[in-house]
2 protein chains.
Amino acid sequence: MTLPPESGAAAPEGNGERPARPVPEATVSRLAVYLRVLGELREAGVETVSSEELAGASGVNSAKLRKDLSYLGSYGVRGVGYDVTSLQGRLQGELGMDHRQSVALVGVGNLGHALAGYTGFAGRGFPVSTLFDVDDELVGSEINGIRVRHVREIPEVCAEGGVTIGMIATPGPAAQKVCDLLVAAGVQSILNFAPVLLSVPDDVEVRKVDLSVELQVLAFHVARRHTGAAAVTDKTNESVVS
Amino acid sequence: MTLPPESGAAAPEGNGERPARPVPEATVSRLAVYLRVLGELREAGVETVSSEELAGASGVNSAKLRKDLSYLGSYGVRGVGYDVTSLQGRLQGELGMDHRQSVALVGVGNLGHALAGYTGFAGRGFPVSTLFDVDDELVGSEINGIRVRHVREIPEVCAEGGVTIGMIATPGPAAQKVCDLLVAAGVQSILNFAPVLLSVPDDVEVRKVDLSVELQVLAFHVARRHTGAAAVTDKTNESVVS
DNA sequence: GCATGTGAAGTTATTCACAGCG
DNA sequence: CGCTGTGAATAACTTCACATGC
């Protein structure tokens, strides 16, 4: 039985905003992608999409998309498709965009500086509200209009500012210490760019972005091609063939 | 039948360096992590690790680690563990680090600039050898000692330089065009930071890093906690509990 | 008629648990 | 003995295929 543990009263509507469904982790990241695509569609004036179209624009197949959306309940119209605006709203709610999200970034070095200025975050509902660093040269300065504060201020500032998400872009050796400070400040979601494994209480969610790992996976495939082997077990490909 | 499809004529060589095993995609990214940890261990003077230790330091459980390594053949000693140096060498080979990898980065804006200066790449065997941009202000200048060239030069420069991996850090709208140029130049592995779906021939491997998606996944979990729900189906957690 | 929503089947990945070897 | 290596069991995820309902 692999079926979604259907949590009791389904309450299709009324205004029952909460089927309390257990969304698979793999689905969550795709929902974020669908949400971006829906935004583009809406800007383009599209009012309705079929699963086929939305899936195509998101790089997945339509069955997967429908299954993903089914975890949120039924929001499509048979024979027609999905209303772009209302599906967008539904996804925003599901992905926590109706709560205010406030992001703190620790480590304003090379990468951190770029992240602080990355317009993609604010544009997508994740304004970086505070910057932290240990470097006294930087503390007190402003980057992209945001003042850099000293790492030791993390506890107060994060609590005051209602920070929900912390990003760590420090050198590896500093990351755990910073992480501990964030956790102590009540931050329960952390995006870690430092190439180290963070230890956290298990009510804290950590996601790691490791750029070297990404390159290494690509290098593996380069090597495979030269070895002439059929490489990997996988099958993930809907790319448009030239 | 889940067993490795054993690809026909196995060992062309004398000393069986290649079982021609089909490494699962999920395993590949973890191998990259193990490789990093092994490097750290070696620098710390450690000569032998058990699967338990290496797994702990990598954030996975030991059964998974052993299974992962088993795809490369047997390199451990029962009752003892793995020799750090030789396992490191084995992984480097498997991950294509014995081929020369040369990385081209397209888009030297906010994020691209940071990537160009990211020491983690060169340090881990992925020197960024060439930068490209369309901005005439940038073309001709140097960043981190690397000259910025015009995007239209991609074909020649990539071919000459033997570029094996392309990184795209342009704004979304430019990404597909850049991607086409890279592909035309023979680049078969691309790391895409632009928030768009790239179309490529299916002999080209694309990996996408979407920072907003990462944040959104975290936001989802933030929202879940406030909803008090048991959230997700998943179970991916080996974080050290405080 | 047509596209959604979903059980059921298939595939891939993880974990268990223990045989086998140093 | 202890720790590796691995079949067998479990779980997660994907795809199929079709009944369902607009």
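Here is the naming used below: chain letters follow the sequence lines, and residue numbers restart at 1 for every chain.
The distance between atom CD of A:E53 and atom C1' of C:dC2, rounded to the nearest whole Å, is 13 Å. For the pair B:D83 CG and C:dG22 P, the interatomic distance rounds to 17 Å; values are reported in whole Å. Distance NZ (B:K64) to C1' (D:dA12): 11 Å, rounded to an integer number of Å. If you take CG of B:L65 and P of D:dT4, they are 8 Å apart, rounded to a whole angstrom. The CD-P distance, from A:E52 to D:dA17, rounds to 15 Å in whole Å. The distance between atom CG of A:L87 and atom C1' of C:dA3, rounded to the nearest whole Å, is 14 Å. Across the protein-nucleic acid pair, B:Y71 atom OH and D:dG5 atom P stand 14 Å apart, rounded to whole Å. B:E25 has its CD atom 12 Å from the P atom of C:dT12, to the nearest Å.
In this model, the phosphate group of C:dT15 is approached by a side-chain N or O of B:N61 to a distance below 4.0 Å at OP1 or OP2. Residue B:S51 places none of its side-chain N or O atoms closer than 4.0 Å to OP1 or OP2 of D:dC3. For A:Y82 and C:dG5, the shortest distance from a side-chain N or O to OP1 or OP2 is below 4.0 Å. Distances shorter than 4.0 Å separate some side-chain N or O of B:R30 from OP1 or OP2 on C:dT14. In this structure, A:S50 does not reach the C:dA3 phosphate: none of its side-chain N or O atoms is under 4.0 Å from OP1 or OP2. Considering only side-chain N and O atoms, A:S74 lies under 4.0 angstrom from the phosphate OP1 or OP2 of C:dG5.
The residue among B:R66 and A:V80 whose nearest nucleotide of DNA chain C is located toward the 5' end is A:V80. Both B:V49 and B:K67 sit near DNA chain D, but only B:V49 has its closest nucleotide nearer the 5' end.
Distances were taken from every side-chain heavy atom of B:R78 (C-beta onward) to each of C:dT14, C:dT4, C:dC21; the shortest belongs to C:dC21. Of the candidate nucleotides C:dA13, D:dC13, D:dG5, D:dG5 has the atom nearest to the side chain of B:S70. Set against C:dG22, C:dA13, D:dG21, the side chain of B:V77 has C:dG22 as its closest nucleotide.
Side-chain contact annotation: A:S189 with A:E205, donor-acceptor N/O pair under 3.5 Å absent. With no hydrogens or angles considered, no side-chain donor-acceptor pair links A:S58 and A:R36 at under 3.5 Å.
Here CG of B:L91 is found 12.5 Å from CZ of B:R30. Values are rounded to the nearest 0.5 Å.
For the pair A:T27 (side chain) and A:V23 (backbone), a donor-acceptor distance under 3.5 Å is absent.
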Exercise for the section: Apply the test side-chain contact (heavy atoms from CB on, under 4.5 Å) to residues B:R90 and B:Y82: give CA-CA distance (whole Å), side-chain angles for both, the deciding distance (0.1 Å), then the verdict. Expected result: CA-CA 11 Å; B:R90 188 73 192 75; B:Y82 302 88; over 6 Å; no
